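Order of the sequence lines sets the chain letters (A, B, ...), proteins ahead of strands, with each chain counted from 1. Because the structure is a prediction, the values reported are computed rather than measured.
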Number of protein chains: 2
Amino acid sequence: MKLNERHLMQLAAVLDAGGVSEGAAMLGLTQPAVSRSLAMLEARVGEPLFLKGRRPMQATPLGAQLAAQGRTIITASRKASDAVQGFLKGTKGIVRVGGVPFFMDAMISRMIGEFQNLEPEVTIQQSYLNLPEMVGALQGDQIDLGIVPIGVLDLGPGFEFTEILPGRNIVACRPDHPLLRNRRLRAHDLTSFPWVAPLPGSPLMSDLQMILMSIGMSDLNIRYSGGSLMSVINFLAETDALAVLPFSVVFAQRKENRVTVLPYEIPQPNRSLGILRRVGAPRSPAAERFAGHVTTAFENLKHIIKRHENAVVWGR
Amino acid sequence: MKLNERHLMQLAAVLDAGGVSEGAAMLGLTQPAVSRSLAMLEARVGEPLFLKGRRPMQATPLGAQLAAQGRTIITASRKASDAVQGFLKGTKGIVRVGGVPFFMDAMISRMIGEFQNLEPEVTIQQSYLNLPEMVGALQGDQIDLGIVPIGVLDLGPGFEFTEILPGRNIVACRPDHPLLRNRRLRAHDLTSFPWVAPLPGSPLMSDLQMILMSIGMSDLNIRYSGGSLMSVINFLAETDALAVLPFSVVFAQRKENRVTVLPYEIPQPNRSLGILRRVGAPRSPAAERFAGHVTTAFENLKHIIKRHENAVVWGR
DNA sequence: CAGCTTCATAGCAAAATGCTATACAAGCCG
DNA sequence: CGGCTTGTATAGCATTTTGCTATGAAGCTG
């Protein structure tokens, strides 16, 4: 006994509205159309669905049961329409962001918070990925966009990259680190303190190698590795250890005053933080909106950084 | 953005089945039909719903959202079909029974229990009604059937009545009542004990009047009134009070041995317990099934009563 | 590269949907 | 009680949708 879903919806509307004409109006149909639908439904079922001669119209128990299903169909249909509307406007849906751990923790998570204040109906699914996995995730459509530092030339075909912040690394330490008292730092000053190693696979790892080479050492005194940003900062704040970190990550922590920049020039990677997307991916307005938000947030951040640098001498 | 519910269902089926052909088969359609539906849906939405070139087929986030609604539509539709099926077979649905309080408590409630063991998917809504309200409730389609003692001629037009048990009242008392020791009871024996009045509006009320007239007294020593059957029985069991009760009601309590029949002949009302229905009412197979169950249950009861009467001398 | 599987498209017939116009029924009022 | 109002059912017709078969196109596999 397969019933026509449209008929069920019309049944529900008619009972909710109290009459055929009203129910038809509620659905944007004419009264005869609905009248016939009901007759067909009743014929199909073979049982009366209405109590005759009642205003407002009332259902038999069976009619009421069917109307209940009709109502859920109506609401499901309406939800589907809403989902599309919201999707098109970018005010609804899911954004799946992958990002390198430190940036996600230091900056993106805050921006996600801001974004959700603007678009409370958008859900953000965050995942921690470094470049290789991110490429796979984008191709496999597991994420909508990635936030990753990338060399300008590393971009494979089929991907687009929008830069949001030039890469710039610094050596971080706690604010009362003994090296900050030195007028002029030498390479061997750095090697006499323990170091924190970045997460394996992260771009900072290769940066650290570059620094090693520039200092002319083959290895550092690695005392801590594998920690997330919060762990690293906690570790740095408690010890005299040093770490290579993106400047912006340290900058984002300035209010907490737990880590600062050691004024020592290190070689800079030819990399930029940016948003990585697959060109063929099904577009998601919510994701684009989020990407826009992140971009402007970093744009603002650049200005703040500039003002800050003019006012503050780091490491003092 | 109104979407076609049928399309949503097909989308859900295709994603659940993992392919267009499989989804079409699941719905009993051909592959091209579903293929076109999906194309139409996608065109209407204006966004891709599938990730191209994947086996099994995978949805974009938006597609997944729409499919979720499609699934709820499918299940709603299936529930509606089930409701009809169950209704036609009488194995599903709601039966709304009205009945006079004492019969409902003493007998019908047990039968409802038995019936539910047979038809666990039928819901019974019981309400306590005496004849006048019952007529109103039947006409207003608040109940499907009423169980009520009724004079054969009291039947109004538009109602049908199927007798299930001839009316027979007795005087009830507790098993160790002093009157049970009397060889031969006289009318004035009865008046020397307190009485329990039936619920106002119940047919027993007029029966009590008849008894009064036959005894030749104008009133009795009414000491308790307004109680439900359980209250009345509790009261009778604790006191030497007497009450007019239908024989079958007392019979149904025989196992508990808290009340018994006082062997005193009283005038019998020209009434029968039966099932009252409105002729024009929308038929409800579940209700009919229930009515049948009650009828046969009483049929069995008659035999048990007959056997019991041959074996037992009441009030001994 | 042939063969298999699966999705997309074309073309056509049948069903359904929706509309306007109109008939029918019930309740209300002078 | 006859007409008026309100509301539902039916008729007739045009349009859209749906479903089918047949066939083309694309991707995977041995």
Practice problem: Could you pick out which residue, A:Gly28 or B:Ala39, lies toward the 5' side of DNA chain C when each is mapped onto its nearest nucleotide? | Solution: B:Ala39
Self-check item: Separation of D:dT17 C1' from B:Leu3 CG (nearest whole Å)
Solution: 16 Å
Quiz prompt | Position toward the 5' end of DNA chain D (nearest nucleotide), B:Pro32 or B:Arg36 | solution = B:Arg36
Practice problem: Return the value, rounded to whole Å, for the distance between atom CG of B:Leu27 and atom C1' of D:dT18. | Solution: 14 Å
Quiz prompt | Separation of D:dT6 C1' from A:Met57 CE (nearest whole Å) | solution = 13 Å
Practice problem: Check the distance between C:dC7's P and B:Leu15's CG and give it to me in whole angstrom. | Solution: 12 Å
Quiz item: Which of the following nucleotides, C:dG18, D:dT18, D:dG19, is nearest to the side chain of B:Leu29?
Solution: D:dG19
Practice problem: Could you work out which one of D:dT8, C:dG18, C:dT17 sits closest to the side chain of A:Glu22? | Solution: D:dT8
Exercise. Measure the spacing between CD1 of B:Ile124 and CE of B:Met111 and express it to the nearest 0.5 Å.
Key: 13.0 Å
Self-check item: Interatomic distance, A:Arg6 CZ vs D:dT17 P [rounded to whole Å]
Solution: 9 Å
Quiz item: Out of B:Arg96, B:Arg278, B:Gln125, which one pairs with B:Asp144 under the side-chain hydrogen bond (donor to acceptor under 3.5 Å, both in side chains) rule?
Solution: B:Arg96
Self-check item: B:Asn4 side-chain N/O to D:dT16 phosphate OP1/OP2 under 4.0 Å
Solution: no
Practice problem: Considering just the side-chain nitrogens and oxygens of B:Thr30, establish if one lies under 4.0 Å of OP1 or OP2 belonging to D:dG19. | Solution: no
Quiz item: Out of D:dG19, C:dT9, D:dT8, which nucleotide sits closest to the side chain of A:Gln31?
Solution: D:dT8
Quiz item: D:dA9, C:dG18, C:dC7: which one has an atom nearest the side-chain heavy atoms of B:Ser21?
Solution: C:dC7
Self-check item: Between P of C:dA8 and CG of B:Leu38, the distance in whole Å
Solution: 7 Å
Self-check item: Euclidean distance, B:Ser77 OG relative to A:His7 NE2, rounded to 0.5 Å
Solution: 11.5 Å
Quiz prompt | Ring geometry between B:His293 and B:Phe115 (parallel below 30°, tilted from 30 to 60°, perpendicular above 60°) | solution = tilted
Practice problem: Take atom CD of A:Gln58 and atom P of D:dG7, then tell me their distance rounded to the nearest Å. | Solution: 17 Å
Quiz item: Is there a side-chain polar atom (N or O) of A:His7 under 4.0 Å from OP1 or OP2 of C:dT17?
Solution: yes
Practice problem: Determine, step by step, whether A:Gln31 and A:Ser21 satisfy the side chain to side chain donor-acceptor pair (under 3.5 Å) criterion, reporting the C-alpha distance in whole Å, the side-chain angles of both residues, the deciding distance to 0.1 Å, and the verdict. | Solution: CA-CA 5 Å; A:Gln31 170 267 317; A:Ser21 315; 5.3 Å; no
Practice problem: Rounded to the nearest angstrom, tell me the gap between atom CE in A:Met40 and atom P in D:dA11. | Solution: 13 Å
Quiz item: Is B:Ser35 near enough to C:dA8 that one of its side-chain N or O atoms lies under 4.0 angstrom from OP1 or OP2?
Solution: yes
